[in-house]
Amino acid sequence: MKKLFAFFAIVLSGVVMWSCSYDDKDLWNAVNDLDGRMKAMEQAVKNANTDIETLQKLVGALQQNISITSVIENSDGYTIHFSDGTTATITNGVDGTNAPALSVIKDGDGFYYWALDGVIIEIDGHKIKAEGADGITPQLRIDPDTKEWEISTDGGHNWNPMGVKAEGSDGDSMFSNVQDGDTEVIFTMADGKTTIVIPKTSMSGFVFVYPETLPLGATNLDNYFLFAFGEEKTLSYTGEVKAVDLMNAPQGWSAKIDSKTRSVKITAPSFSGTYYTEGILSLVAVDTKGQTVLASARICAVDFSDPNATFVLNEGNMTSENGSLIYITADGHVIDYAYWRMNGSELGNVAQDLFISGNKIYILSQNGGNDGILVEAEARTLKNTKKFSKEELSRLFWPSHIAVIGNTVYIRDNAGIWTLNLDTREFTSVANAKGTLKNRMAVVSSKVFVPGNRSVLVLENGELVKKIDMDGTVTGVIKSDEEGYLWVSCSTSPAQIIKLSASDYTMDKHTLTEGGVTYGWSATPGISAKGDEVYFCNNTSTIYRHNFTSNTTEALGDVKSNIANWGIIYNMPAIHPVTGEYYFNTILGYGWSFLTNDISVYDLSSGAPAMVADYQNYTHFPAGIFFPASF
C-alpha cells in the first residue's frame, strides 16, 4: 500500500508542476497515459516472444520438409497453417514500441543461427543455434529502468542488452512482410533483407476443418482433435479434390471416409494401458489439377480419470477470458483447454474449485456464463452431463468451493453453505453454517468438513452437526490417506498439524519445529499429504515436510532458483498422492505478466527437491492443483 501511495504522490506532484491549479482530468490523463504505456510494453514483449516461437517454427519447417497449407490474415497479424496440422502466429506489433530486428541466418556450416540486424549473435564467443536438439529459443524482455530490449539465451537466468530502445513507431514486429504465393510463402524479417521461403501445398486447400471459434483468451492454440477412449467422431475436410483415400491411421484407431459429406468417421481405441495415446491421421487426395495432396491431423485419446494424472484449474482473466482446465498425463503430455476440447463449449468465468465423486467431476465458477456456475461431467471423458446457470443459482454470493456426497452438492459462498440436489435441483441454505473461510472442504466418512476461522464445521445430511474449536486460524482441511481421518493445519505460533478423527472428532496435535502453514492470499489448503507425511511451503519457495509418525519437521530445500521468472505463488502447491511429486504454480506477476508462468514439478524421494518437469506458460491464474487419486 505504501508503494501504491508513493506512485500516486509522484504522479500528483507532476501535475502540480504542469499546472498552477489542480485539475482532476490532468491527474487521470497522466495515470492513464502511464498505464497505457505499461500495457503497450507488456504486450510488445508478449508479441515479440510469440514471433520468436514462430520464427523457430519456420526454421523447423525448413529442416523437416513441412509445407504451409494456408496463410490467414486477420486484424492482429497472420495465422500460418502447416501441413503437419500445427499453426503459428505473426503479430502486427504494438504502436509506440520498437522491437529488435531479430532474425535467423544460415551459416557456412548449414545450420541456422539467431541474428540481430543481420549479424549472427554471439554471447561469450558462442553463436546461438536456432534449430535442432541443441537449438535455443531466446526470450526477450524490456528492462523497466532503461526501457531497453534485453535477450536471454539461458531460460531467463541472465539478460543481455540489445542496444534497442522500446520507443518509436517503426519495426514493431519482427516480420516486415508476408508474401503469400501459389507455391511458396516468403517471410521478410524486420531488417528488410533476410527472408525465409517455405513451400506451399497445392492451392486445393485440402485440410481438416478445425473449430473456428477459440476459447476467450486462447492464442496460438495447438490444433488437434481430442477423443475419449472408444469415442467416435466425424472430422470434416475441405478442398478442391477429386478423390480421397485413407493414407494412415494410428494403430488401434479405425477410420472410414465419406466422400459425399467430405468427412472421416474415426473411432479411438477402446482402452489404453497408458491412459493416453496419440498419432497422425493422414488422407491422400488428387486435386483438380491432377496433383497429389495430403491432409494430416493429430488425434489423441485420453482417460481423464487416470490416478497418476494431474488437473490444474484456471480462473481465467475476469475481464477477457473464461475458466479453463489443464490436464497433465502421467507421462507428461499437457492438454490445455481440456474441457473445451471435449465439449466445444467453455466453463464459466473465474473458475474456482473442482471435486470428483461417483465417476463424475464437478467444476464451480464464480461468475457463471457459458456452461454455468456449476458443471457436472463424466470423470473419464469430461463430457458434460448437467449444467446449472447463474440464474438458477442466483442466491449464491461469490461462490468459491464445492464438495459432493451422493446426489448432494455442498457449495460454500460468502454468505455460508448451501446444498444443491442434483436430481431435483432443489437449492437450500444450511442453517448456522456462516463464517466459513474461502478454502477447500473435505469429505470423509460421508461428512463434509469445512474450514471456519478458528474452527472446523462438520456437515452431515445437509445439516451442521458439529463445530470443532481450534487453537488458531485454520489454513487447511484435507482428506487423509488413512480411512476415517483428515489433516487440519492451524496457524498458531508455533504452527500445528492435527490428525482429526471423522467419527469421534478426537485430535492428535503436533507442533511444527520449522516453517509455518499460512496459505497467504490463496483459496487452497496450506498443506497437502501423502501417507503420514504432510507437506507445506508457508507461502514461500521452500518445501517443508512433517512426518507424523516420528513427529519431526524438516526443510527439504528452496526451489526458487529453478524458475527464471519466479514471481508469485498463485494458490498453494500440492503433493501427488501416488507419485509423491510436488507441484508448484507460479506466475511472474499481475497485469499481463500472468502470461509468464510455470507449473514446476519436483521429485522429493531423495529428500532435497529435484526438478523433473517445468510446464511453461500454460496457466491463466491457476485456481489450484487437483489429483484424481485424491478423491
Side-chain angles (χ1 to χ4, degrees), residues 3 34-57 76-77 88-104 113-117 119 121-124 126 128-130 135-175 189-191 219-220 317 541 560-570 586-600 614-621:
K3 290 182 180 179
L34 180 58
D35 183 57
R37 180 64 183 159
M38 291 298 294
K39 286 183 178 178
M41 291 172 64
E42 289 170 350
Q43 189 63 38
V45 171
K46 178 185 174 185
N47 289 351
N49 285 306
T50 297
D51 283 352
I52 286 175
E53 292 176 1
T54 296
L55 186 51
Q56 195 165 37
K57 215 166 202 179
D76 297 326
T89 299
I90 290 177
T91 62
N92 280 335
V94 178
D95 291 338
T97 62
N98 183 30
L102 199 66
S103 63
V104 291
Y113 294 88
W114 293 103
L116 179 64
D117 294 323
V119 179
I121 298 171
E122 290 192 16
I123 296 179
D124 296 331
H126 298 285
I128 310 303
K129 191 180 287 187
I136 290 174
T137 305
Q139 295 173 276
L140 298 186
R141 75 175 185 184
I142 298 173
D143 186 286
D145 298 320
T146 65
K147 302 300 185 290
E148 183 176 353
W149 284 92
E150 295 181 331
I151 187 170
S152 173
T153 57
D154 59 2
H157 290 285
N158 295 287
W159 294 90
N160 296 282
M162 304 180 72
V164 180
K165 287 283 187 179
E167 298 174 347
S169 57
D170 297 325
D172 55 1
S173 174
M174 290 183 187
F175 297 86
M189 306 309 300
D191 61 9
T219 57
N220 203 25
N317 191 333
S541 54
K560 188 174 184 179
S561 61
N562 292 284
I563 306 298
N565 293 304
W566 185 287
I568 299 169
I569 298 173
Y570 202 90
T586 56
I587 65 174
L588 179 59
Y590 294 103
W592 287 109
S593 294
F594 83 91
L595 293 171
T596 301
N597 56 73
D598 297 78
I599 306 170
S600 55
D614 183 16
Y615 307 107
Q616 297 182 352
N617 304 331
Y618 282 101
T619 69
H620 286 221
F621 292 119

Exercise. Of the non-hydrogen atoms in S600 and I563, which two are nearest, and what is the gap between them?
Worked result: CB-CD1, 3.7 Å
Seminar exercise, completed: Checking T153, I151, I52 against W114 for side chain to side chain contact (heavy atoms under 4.5 Å, CB included), the one that qualifies is I52
Exercise. Within a reach of under 6.0 Å around OH of Y113, are more than 12 heavy atoms found that belong to other residues, nucleotides or ligands?
Worked result: yes
For this session: Evaluate the ring planes of F621 and Y590, with Trp represented by its six-membered ring, and classify them as parallel (under 30°), tilted (30 to 60°) or perpendicular (over 60°).
Result: parallel
Exercise. Just by modelled atom types, is the Q616 backbone N or O under 3.5 Å from a matching donor or acceptor in the D598 side chain?
Worked result: no
Exercise. So, the side chain of S152 versus the backbone of W159: is there a donor-acceptor pair under 3.5 Å, distance only?
Worked result: no
For this session: Report yes or no: does N597 contribute a side-chain atom to a donor-acceptor pair with the main-chain N or O of Y618 at less than 3.5 Å?
Result: yes
Seminar exercise, completed: Smallest heavy-atom separation, L140 atom then M162 atom, equals CD2-SD, 3.6 Å
Problem set entry | Intermediate values then yes/no, side-chain contact (heavy atoms from CB on, under 4.5 Å), M189 and L55 | CA-CA 9 Å; M189 306 309 300; L55 186 51; 3.8 Å; yes
For this session: Determine, stepwise, if the pair H620 / L595 fulfils side-chain contact (heavy atoms from CB on, under 4.5 Å).
Result: CA-CA 7 Å; H620 286 221; L595 293 171; 3.9 Å; yes
For this session: Using atom types as modelled and distance alone, determine if a side-chain donor or acceptor of E150 lies under 3.5 Å from a backbone N or O of D143.
Result: no
Exercise. side-chain hydrogen bond (donor to acceptor under 3.5 Å, both in side chains) with E148: which residues, sequence neighbours excluded?
Worked result: none
Exercise. Who are the side-chain hydrogen bond (donor to acceptor under 3.5 Å, both in side chains) partners of T596, not counting sequence neighbours?
Worked result: none
For this session: Identify the heavy atoms of Q139 and N565 that sit nearest to each other, and give their distance.
Result: NE2-ND2, 3.7 Å
Seminar exercise, completed: CH2 of W566 to CD1 of I587, rounded to nearest 0.5 Å, is 12.0 Å
Problem set entry | Spacing of L588 atom CG and I568 atom CD1 [to the nearest 0.5 Å] | 8.0 Å
Exercise. Going through the distances and angles, do N562 and D614 end up as a side-chain contact (heavy atoms from CB on, under 4.5 Å)?
Worked result: CA-CA 9 Å; N562 292 284; D614 183 16; over 6 Å; no
Exercise. OG1 of T137 to NZ of K57: how many Å apart, nearest 0.5 Å?
Worked result: 11.0 Å
